[in-house]
Amino acid sequence: MARSDGSQGAFLTETPLGTVGLLWRETGADRRSSGFCPRPSPERLSSGSSATSPIRKLRDSPEVAELGRRIDRFLHGEPVAFDLGILALADCPGFQREVLLAESRIPRGWVSTYERIAQSVGAPRAARAVGTALAQNPFPLVVPCHRAIRADGDLGGFQGGRAMKRALLELEGIRFAASGKVTLEKVWY
DNA sequence: TAAAACTAAAAGG
DNA sequence: CCTTTTAGTTTTA
């Protein structure tokens with residue numbers, strides 16, 4: 001796939017959840033990093049470009065174009081699968097990588113808790129560190145970090161804010177109690 | 001070493 | 001039921 005070296009890209013798109021951004025960057029010979037940016041700020045978008053790495057148009061890259069289409073369909077409620085192969089997981093610290101992989105195994109329509117994810121990666125006391133790892137998730141949505149909630153059903157945090165987290169979960173059919181907590185009926189792990 | 005998208009327990013409404 | 005406080009944890013910058 002002929003593509004220029006070290007290029008990066010960023011673009012905005014309108015979705016049912018508002019204007020979101022998609023950032024894209026080549027991190028190596030054939031390794032790319034792509035992500036959904038729930039709160040696209042001008043600074044965040046421009047951080048993906050520099051004088052030495054001009055922004056390329058999204059549609060110039062077939063993989064990123066496809067990712068953009070899938071994100072769009074996802075945000076319209078369609079159950080779509082994402083290709084983890086385009087993510088630069090190797091650039092993440094080991095623990096975070098394990099957490100992100102565990103997170104990716106949570107099916108649509110299910111949630112898990114920070115605690116149970118910690119258990120699943122062999123660090124049963126590290127619930128808080130799981131939260132930290134997910135807070136730094138470079139690939140929101142593609143790695144569905146919105147499916148991690150607190151042990152008591154409380155939403156926990158989200159880069160795009162709790163309202164967006166809730167909207168994403170509702171999009172996936174997750175049920176909420178009147179208290180605002182998730183009903184813990186379908187908990188993965 | 002401090003900070004963080006956590007958790008559990010305790011205290012007081 | 002709710003809230004705040006406190007303490008115990010692990011990983012990362």
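Residue numbering restarts at 1 for every chain, and letters A, B, ... go by the order of the sequence lines.
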Please pick, from dA8(B), dT9(C), dT12(C), the nucleotide with the shortest atom-to-atom distance to any side-chain atom of Ala151(A).
dA8(B)

Over how many whole Å does the gap from Asn137(A) atom CG to dA4(B) atom P extend?
18 Å

Reckon Arg125(A) touches a base, only the sugar-phosphate, or nothing at all at heavy-atom distances under 4.0 Å?
sugar-phosphate

With the side chain of Ser179(A) defined as its heavy atoms from C-beta on, choose the nearest nucleotide among dA8(B), dT11(C), dC2(C).
dC2(C)

If I take atom CZ in residue Arg116(A) and atom P in nucleotide dT10(C), what distance separates them, rounded to the nearest angstrom?
20 Å

Touch check for Ala135(A), heavy atoms < 4.0 angstrom, all strands: base, sugar-phosphate only, or nothing?
base

Contact class for Gln96(A) (heavy atom, under 4.0 Å): base, sugar-phosphate, or nothing?
sugar-phosphate

So Ala127(A), base contact, sugar-phosphate only, or nothing? Heavy-atom distance under 4.0 Å.
sugar-phosphate

Give a yes/no verdict on a cation-pi contact between Arg150(A) and Tyr114(A), requiring under 6.0 Å between NZ or CZ and the six-membered ring centre and an angle within 45° of the axis.
no

Taken to the nearest whole Å, CD/Gln159(A) to C1'/dA4(B) is 13 Å

CG of Asp154(A) versus P of dA5(B): gap in Å, rounded?
15 Å

Between Arg116(A) and Thr113(A), is there a side-chain heavy-atom distance shorter than 4.5 Å?
yes

Closest to the Glu115(A) side chain, choosing from dA13(C), dA5(B), dA8(B)
dA8(B)

Let me know the distance between CD of Glu98(A) and P of dT12(C), rounded to the nearest Å.
11 Å

Co-membership, hydrophobic cluster, residues Ile117(A) and Leu141(A), 4.5 Å side-chain
yes

Find the partner of dA13(C): check Watson-Crick (N1-N3 plus N6-O4 or O6-N4) and G-U wobble (N1-O2, O6-N3) distances, both under 3.5 Å, and reply none if neither fits.
dT1(B)

Between Ile117(A) (CD1) and dA4(B) (P), how many Å, whole number?
20 Å

Rounded distance in Å - CG (Asp152(A)) to P (dA5(B)):
17 Å

Between C1' of dT12(C) and CD of Gln136(A), the distance in whole Å
8 Å

Taking atom types as modelled, is there a side-chain donor on Glu185(A) or Thr183(A) under 3.5 Å from an acceptor on the other?
yes

Tyr114(A) has its side chain closest, among dT12(C), dA5(B), dA8(B), to dA5(B)

Determine whether Ile106(A) and Leu87(A) fall in the same hydrophobic cluster, where Ile, Leu, Val, Met, Phe, Trp and Tyr are linked whenever their side-chain heavy atoms lie under 4.5 Å apart.
yes

